[in-house]
Structures are given as structure tokens and as C-alpha cells.
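Working notes, beginning with the structure itself.
Throughout, protein chains are lettered first and strands after them, A, B, ... in sequence-line order, and every chain is numbered starting at 1. What's counted below: heavy atoms across the whole structure, side chains too, no hydrogens, waters or symmetry copies.
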Amino acid sequence: MSVITCKDVTKHYRSKKALNNLSFTIEGEKITGIIGRNGAGKTTILKILAGFLEATSGEVKIFDEKPFNNIMVSANSIYIDDQMTLPSSLTLAEILKTASNFYENWNTALADGLFNYFSLDPSQYHCNLSKGMKSTFNMILGLSSRCQLTIFDEPTTGMDAAVRKDFYRALLKDYIAYPRTILLSSHHLDEVEDLLEDVLLMKDGQLHLHIPISELKEYATSVKGKRTILEKWIRNKEVIHRSDLGAETTYAVVKNNSAVLLQLDNARHEGLDISPVNSSDLCVYLTSDTKGGIDDVFS
Amino acid sequence: MILNTDGSKPIYIQISEWIETEILRGDLNSDQKVYSQYQLAEMFNINPATAAKGLNILVDENIIYKKRGLGMFVSTTAQEFILNKRKTHTLQKLIDEIVLEAGRLNVDEWDLFNMIKTANKRRRKN
């Protein structure tokens with residue numbers, strides 16, 4: 001049974017289509033990264049999956065049930081973001097205590113361990129926490145609930161570099177100890193990519209790519225060199241991105257296929273620089289509206 | 001070892017190469033148990049599926065073998081195989097690149113040979 005099935009999911013906010021016929025399935029206990037630009041529809045789909053929003057049309061199934069207004073899905077999933085509204089009259093310790101009654105798999109030892117490690121004050125109120133502390137507390141909630149479907153929407157907002165690193169490691173360790181389906185949306189693909197098994201790349205409310213992270217790394221190749229030679233070489237190839245450096249040099253990213261791979265040696269011999277493209281840059285190129293990026297505005 | 005995350009080499013390849021080096025150095029011997037995908041995931045802070053992919057490359061090349069329910073172990077021929085593979089592939093590739101660059105710089109064979117000799121001497125001294 002697949003954990004998540006989306007079929008032709010569309011969501012309108014007034015006249016704006018936030019999601020446009022989005023379809024995908026996620027099977028098994030995997031960590032999947034939800035990647036996309038601002039406004040691509042990441043939060044909308046994640047909130048629909050968690051049952052916070054209802055799709056305008058299309059079919060969404062979580063554990064074979066519709067998530068909206070569904071107690072079964074609510075009990076087995078948790079959605080964490082930086083705008084969580086938690087009761088303002090409860091202290092942090094009381095929130096954890098209450099959450100432990102909600103979630104069947106709640107792990108008190110993990111919650112207490114993380115709470116102490118990050119030196120949170122049990123008598124403090126959630127609304128008085130700093131941005132980073134809030135995110136840290138929410139993350140503890142998300143991990144300790146050990147829900148079969150755990151959704152982190154930009155969980156690291158405001159966290160400093162050390163806390164982010166600790167969070168990623170905690171996530172990985174607890175996932176190994178207790179495998180579950182985790183969705184993680186992030187603007188920092190370079191930070192999370194090692195944790196991920198699959199990547200789901202969104203663009204304009206649609207699915208752009210849904211592949212294992214290892215395939216993303218072999219998805220494209222970058223070529224740099226003399227413009228005249230390079231232009232000849234990239235002919236008949238799918239160019240994902242191109243920018244001109246100076247008067248003579250051009251940088252281009254081409255999609256890999258067997259033909260491209262066979263011609264790499266030949267490109268090297270013609271003096272072109274060949275190198276892999278890191279996943280984070282590739283996603284920016286793939287989801288960019290223009291081939292030249294921000295430079296197009298200034299030209 | 002800290003993984004190289006600049007994207008120049010996929011993580012799963014780095015994992016398989018790291019285990020190969022452990023075997024070459026004799027830190028992992030024939031019929032000794034290899035790290036599980038979960039141990040590797042924790043050691044290197046990576047997804048267990050990525051670690052598994054690295055291990056599978058080694059299984060495909062018969063460098064390690066699976067024992068059902070027990071884990072993976074180093075094959076008896078592993079060390080020799082890796083040594084040969086690195087000589088014929090990795091080293092050869094490096095040499096091809098050196099020759100190409102030397103050609104661009106008009107360094108002839110004799111000069112190149114002397115440079116290698118000097119480098120070797122330096123290495124022995126250290």
C-alpha cells in the first residue's frame with residue numbers, strides 16, 4: 001500500500017491556481033525532499049496531505065483515506081512548520097505532556113532528551129520563544145511524535161547553523177531507529193540532500209521531477225569553454241541553462257542521456273571543461289523561467 | 001573520512017570507494033563483516049538507501065558477499081580485485097589526464113618521466 005497518493009490535485013486560491021493537476025505517489029518509509037521555488041505550491045500540497053486544507057479537485061489518499069476532516073489520518077500524521085499555533089496558556093512542558101496523549105507512538109525519552117540538549121526552559125511559553133527556539137521546539141514535537149507520516153515544512157527557519165546540523169542528525173538517527181515516511185521541504189537542498197532518498201521538485205503547482213536523489217546528481221552535466229566550440233557541441237542537446245561569461249566563454253548545463261555521455265570525452269579533447277552540476281544549482285536551473293536567470297533582467 | 005559534498009562524486013560512489021580503501025589497507029579482511037547500511041548511514045550522516053546503493057556496487061563486483069540474515073562480508077578475492085581495478089581504471093585515467101595536460105603544455109615524455117621520478121623521491125623521503 002502506498003502511503004501517499006495524489007491524483008490530478010488542483011487547488012485554487014481565488015483565481016490563482018496554487019496546484020495544477022499534481023499527481024504523485026510515495027511508497028514505503030522514505031525521506032522525500034520537497035523542493036521548489038517560492039510559490040511553487042510546496043506548502044499547499046503539504047497542508048492538503050496533512051488534512052489542513054481541502055483540494056479544489058482531484059484525489060488525495062493518505063494510508064488509503066482522504067486526509068481532510070479525518071481522525072485516522074490526523075492521529076497518524078504530524079505537520080510541522082514555523083507558524084504553528086500552540087496553546088498560549090500552556091507551558092512548553094505542558095504542551096509536550098499533552099502531545100504525548102495525542103500520539104500513540106510518542107516517545108517521551110526522545111522528547112525529554114532533545115528538550116534538555118537544546119536547553120529549552122520547561123516553564124516558558126511558546127509565544128515568548130525566539131524564532132530559532134520556536135523552530136527547535138516544533139522540531140522536537142515533530143520527531144517525538146514518531147508519526148507514520150511526518151511532514152516538516154521549512155523546519156529550520158531561524159535555527160542557527162549548529163542547531164540545523166543537530167536537527168538533521170537527530171532526524172536521521174531517529175529515522176534509522178524508527179523508519180517512517182518523512183516529507184521535508186527546504187530551500188537549502190545542499191544541506192539536506194544527503195538525508196534524502198527521493199526528491200520531488202515542484203514548479204508552478206505542478207510536478208517537475210520525482211526521482212531518487214542519486215539520479216538527480218547524474219541528471220545533467222555542465223560544460224564551459226570557448227563559445228564557438230561549445231555552441232557546436234550543445235547543438236541537438238537539451239540545454240537546461242546557459243550563461244555567457246565574458247566575450248568568448250559560455251557556461252551551459254545539458255541534460256544527460258546516453259548520447260551526451262558518449263560525447264563527453266570528445267568535448268574534453270576539444271578543450272571544453274566538463275563537470276557535474278550540484279543538485280542545488282540544478283534545481284534552480286530546472287525551475288527557472290528564463291534560461292539565463294537574473295542576468296536577463298540586466299541585459 | 002568526511003564526505004566530499006561539492007557534487008563532484010556521488011555519495012554512494014564515495015561510500016563504495018571508502019570501503020574499498022579499507023579493504024586495500026587491510027582494515028577489513030577476507031570474510032570479515034562489513035558495516036551495514038545503517039551503520040554507514042550513521043557514520044557518514046547519509047540516507048540508509050544511499051549507503052545501500054554503495055554496498056550494492058560492491059556486491060555486484062563480488063568484492064563483498066551477502067549472507068542471508070547475517071550481513072555482508074569481504075570476499076577472499078576482494079583485495080586483489082580492487083588492486084587490479086584501481087591500476088587498470090583509476091590510475092590509467094589519471095595518467096591519461098596527465099598526458100593530455102602535458103601535451104597542452106608542450107612537456108615531452110622525458111620531462112614528464114623526470115617529474116614523476118622527482119615526485120616519487122619526495123614521497124619516499126616523507
If you count heavy atoms of other groups shown closer than 6.0 angstrom to [atom1] of [X], is the number above 12?
X: A:Tyr117; atom1: OH; result: no
X: A:Lys226; atom1: NZ; result: no
X: A:Tyr251; atom1: OH; result: yes
X: B:Arg104; atom1: CZ; result: yes
X: A:Glu248; atom1: CD; result: no
X: A:Lys237; atom1: NZ; result: yes

[atom1]/[X] to [atom2]/[Y] distance, rounded to the nearest 0.5 angstrom?
X: B:Thr50; Y: A:Lys217; atom1: OG1; atom2: NZ; value: 7.5 Å
X: B:Ile13; Y: A:Glu218; atom1: CD1; atom2: CD; value: 6.5 Å
X: B:Asn47; Y: A:Ile176; atom1: CG; atom2: CD1; value: 8.0 Å

Do you know the tightest heavy-atom contact between A:Lys173 and B:Glu42?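 It is NZ-OE1, 2.8 Å.
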To check you understand the geometry: which heavy-atom pair defines the closest contact between B:Lys53 and A:Ser214, and what is its length?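 Shortest heavy-atom contact: NZ-OG, 3.0 Å.
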Is it the side chain or the backbone of A:Leu172 that comes within 4.5 Å of chain B heavy atoms, both, or neither?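 For A:Leu172, the side chain is the part near chain B, not the backbone.
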Engaged part of B:Tyr12 at the chain A interface, taking heavy atoms whose separation is under 4.5 Å: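 For B:Tyr12, the contact with chain A is made by the side chain alone.
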Side chain / backbone / both / neither for B:Ile46 at chain A, heavy atoms under 4.5 Å: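 Answer is both: backbone and side chain atoms of B:Ile46 are under 4.5 Å from chain A.
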